[in-house]
Asks: 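Supplied in structure tokens, the structure appears directly below.
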Amino acid sequence: MGRNNKKYRKDLHQQAYERLTSMQAFGESKLHAKRDGTADGKIFSHQTYATYWRHVKYFLKWVKKQHPECTTLKHAKRYVNEWLQTRVDEGLSAWTIHTEQAALNKLFGIPPDDPNRFQAPERRREDIKRSRNDVPRDKHFSVSNNLALIKFVQGTGTRRNVLERLRGDDLWTRTQLQEKLLELEKKKELSSFETKLFQNLTEALVLFPEQAYFIHHRKDKGGKSRFAPIIGSNTPEIVERMRSIPPGELVWQHVHDAADIHGYRGVYATALYKKYARDIASIPYDRINKGSGKQFQSQVYWCRKDEKHKKLDKAAMYQVSKALGHSRLNVIAEHYIRDL
């Protein structure tokens with residue numbers, strides 16, 4: 001019986017699971033996939049897959065309740081906009097709705113230029129609730145009991161996934177970076193791993209010339225690694241903690257679920273930006289606008305939306321982006337650098 005029975009049909013849950021699972025491309029290069037035009041049908045991150053699958057299940061549960069006659073994904077696609085509109089009506093944040101829309105667009109292959117594609121509410125910086133104001137879950141989190149963790153992330157910019165895997169030997173001194181780089185330079189041929197390590201070492205030494213200590217972020221978001229500087233007044237405390245951990249053992253045995261890691265990373269990003277940012281007035285007018293013929297500062301980033309009058313130093317933003325493990329300056333401006 002079961003699957004061998006001609007009357008057997010996969011339910012919506014199984015159909016969606018198989019389709020989403022077939023898109024898994026963990027470890028593959030997203031950049032290469034974009035170049036060859038196959039990126040739209042792939043999911044490159046374990047975390048992205050888990051997030052998409054969670055939101056797809058919310059949608060399927062709603063479809064089964066509101067449209068019980070729907071038994072195929074092809075049929076379910078027509079209810080995507082209706083579902084997303086109910087989420088807007090429920091008062092969910094624009095950020096959550098954009099995530100749910102992305103999950104369903106991926107599942108059903110809805111392209112950006114589809115005229116029937118749902119228009120999600122605009123994401124505005126002032127509407128971000130988490131990491132800016134107190135929320136209910138904060139009542140279960142003791143700042144005093146987790147102060148060491150808070151100071152650690154504010155001084156290292158570590159993501160949760162790395163924080164939970166961080167070992168004592170992930171602390172590197174500047175001298176260690178230099179010695180390792182010299183060792184690699186002497187080799188006639190480098191493996192792909194050594195080539196990437198060479199790039200990471202060079203970047204850290206060049207971008208942060210005054211920093212004495214670094215955290216090795218192993219296999220962070222997207223499987224990438226980097227060396228980020230330890231900064232701030234808590235540096236001695238952070239270094240001492242790392243050095244006190246036996247080789248191979250975890251620095252943090254438990255990271256509280258309610259710890260606002262993103263918010264602490266924002267403190268790190270802002271402090272790092274302030275350390276390296278130039279006075280905007282001192283940045284030269286080095287380019288000429290083709291339309292107006294007027295000079296402008298190509299190294300100045302103009303913020304958008306609610307902070308459209310704020311200007312930032314692109315060079316310092318680039319340093320922050322590298323330390324945080326991001327590649328786009330707008331992400332740094334919109335989500336990390338604050339209160340300037």
Side-chain angles (χ1 to χ4, degrees), residues 45-47 50-51 54 93 95-96 99 125-173 208 211-222 224-275 320-326 331-332 334-340:
S45 161
H46 288 275
Q47 184 59 53
T51 299
R54 183 171 69 252
S93 73
W95 306 91
T96 298
T99 299
R125 184 186 179 99
E126 66 269 25
D127 292 336
I128 301 175
K129 296 183 176 115
R130 188 65 181 148
S131 302
R132 294 186 175 276
N133 305 298
D134 291 337
V135 292
R137 67 183 298 186
D138 291 335
K139 296 178 181 179
H140 306 289
F141 180 76
S142 170
V143 172
S144 59
N145 291 343
N146 292 276
L147 190 57
L149 174 69
I150 294 172
K151 290 180 177 179
F152 189 94
V153 182
Q154 289 178 341
T156 62
T158 317
R159 282 192 178 96
R160 181 181 290 274
N161 70 319
V162 171
L163 197 62
E164 293 173 337
R165 295 184 284 104
L166 196 66
R167 306 186 310 238
D169 53 1
D170 287 325
L171 171 70
W172 286 58
T173 65
F208 312 107
Q211 302 306 310
Y213 298 100
F214 296 79
I215 292 292
H216 187 199
H217 297 245
R218 294 175 291 106
K219 294 183 179 180
D220 198 356
K221 186 176 182 180
K224 298 179 181 179
S225 297
R226 69 184 184 284
F227 292 93
I230 301 175
I231 63 171
S233 60
N234 296 310
T235 296
E237 182 181 336
I238 293 170
V239 171
E240 177 57 32
R241 183 182 184 94
M242 294 289 290
R243 285 177 169 168
S244 68
I245 304 300
E249 292 195 13
L250 295 177
V251 176
W252 299 98
Q253 296 298 322
H254 174 68
V255 179
H256 200 294
D257 289 341
D260 185 9
I261 303 300
H262 180 77
Y264 311 149
R265 276 166 52 83
V267 173
Y268 174 83
T270 303
L272 194 61
Y273 174 81
K274 288 180 178 179
K275 181 177 180 63
V320 174
S321 70
K322 286 296 182 180
L324 288 179
H326 279 289
V331 172
I332 303 303
E334 295 171 12
H335 300 286
Y336 289 99
I337 298 176
R338 303 169 181 171
D339 305 321
L340 295 180

Asks: Quick one: salt bridge (charged side-chain N to carboxylate O under 4.0 Å, His left out) partners of Arg54, sequence neighbours excluded?
Replies: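 None.
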Asks: Going from CD on Glu164 to CD1 on Ile261, what distance comes out if it is rounded to the nearest 0.5 angstrom?
Replies: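 Answer rounded to 0.5 Å: 8.5 Å.
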Asks: Apply side-chain contact (heavy atoms from CB on, under 4.5 Å) to Ile245 and list each qualifying residue two or more places apart in sequence or on a separate chain.
Replies: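 If we apply the side-chain contact (heavy atoms from CB on, under 4.5 Å) test to Ile245, skipping adjacent residues, the hits are Glu249, Val251.
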Asks: With rounding to the nearest 0.5 Å, note down the distance linking CG in Asn145 to NE2 in His256.
Replies: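 Going from the CG atom of Asn145 to the NE2 atom of His256 covers 8.5 Å.
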Asks: Applying ring pair (Phe, Tyr, Trp, His ring centres under 6.0 Å), which residue pairs with at least one partner in residues 226-248 are found, sequence neighbours left out?
Replies: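 Sorted pair list: Trp172-Phe227, His216-Phe227.
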Asks: Mind checking side-chain hydrogen bond (donor to acceptor under 3.5 Å, both in side chains) for Arg159 and listing every partner two or more places apart, or none if nothing turns up?
Replies: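 side-chain hydrogen bond (donor to acceptor under 3.5 Å, both in side chains) list for Arg159, sorted by chain: Asp220, His326.
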Asks: Just jot down the side-chain contact (heavy atoms from CB on, under 4.5 Å) partners of Lys275, sequence neighbours excluded, or say none.
Replies: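 For Lys275, the residues satisfying side-chain contact (heavy atoms from CB on, under 4.5 Å) (neighbours in sequence not counted) are Glu210, Gln211.
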Asks: To the nearest 0.5 Å, what is the distance between OG1 on Thr158 and OH on Tyr268?
Replies: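 The OG1 atom of Thr158 sits 8.0 Å away from the OH atom of Tyr268.
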Asks: Quick one: list whatever passes salt bridge (charged side-chain N to carboxylate O under 4.0 Å, His left out) with Lys274, sequence neighbours left out.
Replies: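 In terms of salt bridge (charged side-chain N to carboxylate O under 4.0 Å, His left out), with neighbours along the sequence ignored, Lys274 is linked to no residue.
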Asks: Quick one: CZ on Arg243 to OG1 on Thr173, what's the gap to the nearest 0.5 Å?
Replies: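 One gets 7.5 Å once the value is rounded to the nearest 0.5 Å.
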Asks: I'd like to check the side-chain contact (heavy atoms from CB on, under 4.5 Å) partners of Arg167; sequence neighbours left out, ordered by chain and number.
Replies: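 With sequence neighbours excluded, Arg167 shows a side-chain contact (heavy atoms from CB on, under 4.5 Å) to Asp169, Asp170, Arg218, given in chain and number order.
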Asks: Apply salt bridge (charged side-chain N to carboxylate O under 4.0 Å, His left out) to Lys322 and list each qualifying residue two or more places apart in sequence or on a separate chain.
Replies: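 Per chain and number, Lys322 pairs via salt bridge (charged side-chain N to carboxylate O under 4.0 Å, His left out) with Glu203.
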Asks: According to side-chain hydrogen bond (donor to acceptor under 3.5 Å, both in side chains), who are the partners of Ser225, at least two apart in sequence or on a separate chain?
Replies: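 Testing Ser225 for side-chain hydrogen bond (donor to acceptor under 3.5 Å, both in side chains), a comparison that skips the adjacent residues, returns none.
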Asks: Would you give the length of the straight line joining atom CD of Gln154 to atom CG of Leu149, rounded to the nearest 0.5 angstrom?
Replies: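 So the CD of Gln154 and the CG of Leu149 are separated by 9.5 Å.
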Asks: Looking at residues at least two apart in the chain, or sitting in another chain, which of them share a side-chain contact (heavy atoms from CB on, under 4.5 Å) with Gln253?
Replies: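 Residues passing side-chain contact (heavy atoms from CB on, under 4.5 Å) with Gln253: Leu250.
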Asks: Using every non-hydrogen atom in the two residues, find where Ala271 and Ile231 come nearest and quote the distance to one decimal.
Replies: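 Heavy atoms of Ala271 and Ile231 come nearest at CB-CD1, 3.9 Å.
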Asks: Quick check against the 3.5 Å criterion: does Thr270 have a side-chain atom that pairs as donor or acceptor with the backbone of Tyr336?
Replies: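 Yes: the side chain of Thr270 pairs with the backbone of Tyr336.
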Asks: Considering all heavy atoms of both residues, which atom of Ala323 and which atom of Ala228 are nearest to each other, and what is their separation?
Replies: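 So the minimum-distance heavy-atom pair works out to O-CB, 3.4 Å.
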Asks: Could you check whether any side-chain N or O of Arg160 sits under 3.5 Å from a backbone N or O of Ala259, counting only pairs where one atom can act as donor and the other as acceptor?
Replies: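 Answer holds: yes.
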Asks: I'd like to check the ring pair (Phe, Tyr, Trp, His ring centres under 6.0 Å) partners of Phe152; sequence neighbours left out, ordered by chain and number.
Replies: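 In terms of ring pair (Phe, Tyr, Trp, His ring centres under 6.0 Å), with neighbours along the sequence ignored, Phe152 is linked to Trp252.
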Asks: How far does NE2 of His217 sit from CG of Leu324, to the nearest 0.5 angstrom?
Replies: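 Rounded to the nearest 0.5 Å, the NE2-CG separation comes to 8.5 Å.
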Asks: Closest heavy-atom contact between Pro229 and Leu272?
Replies: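 For Pro229 and Leu272, the tightest heavy-atom pair comes out as CG-CD1, 4.3 Å.
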Asks: Measuring only between side-chain heavy atoms, which start at C-beta, is Ile230 closer than 4.5 Å to Leu171?
Replies: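 Yes, side chains in contact.
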Asks: Just jot down the side-chain hydrogen bond (donor to acceptor under 3.5 Å, both in side chains) partners of Gln47, sequence neighbours excluded, or say none.
Replies: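 Gln47: side-chain hydrogen bond (donor to acceptor under 3.5 Å, both in side chains) contacts with Thr51.
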Asks: For the pair Arg165 (side chain) and Lys219 (backbone), establish whether a donor and an acceptor sit closer than 3.5 Å, ignoring hydrogens and angles.
Replies: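 A pair under 3.5 Å: yes.
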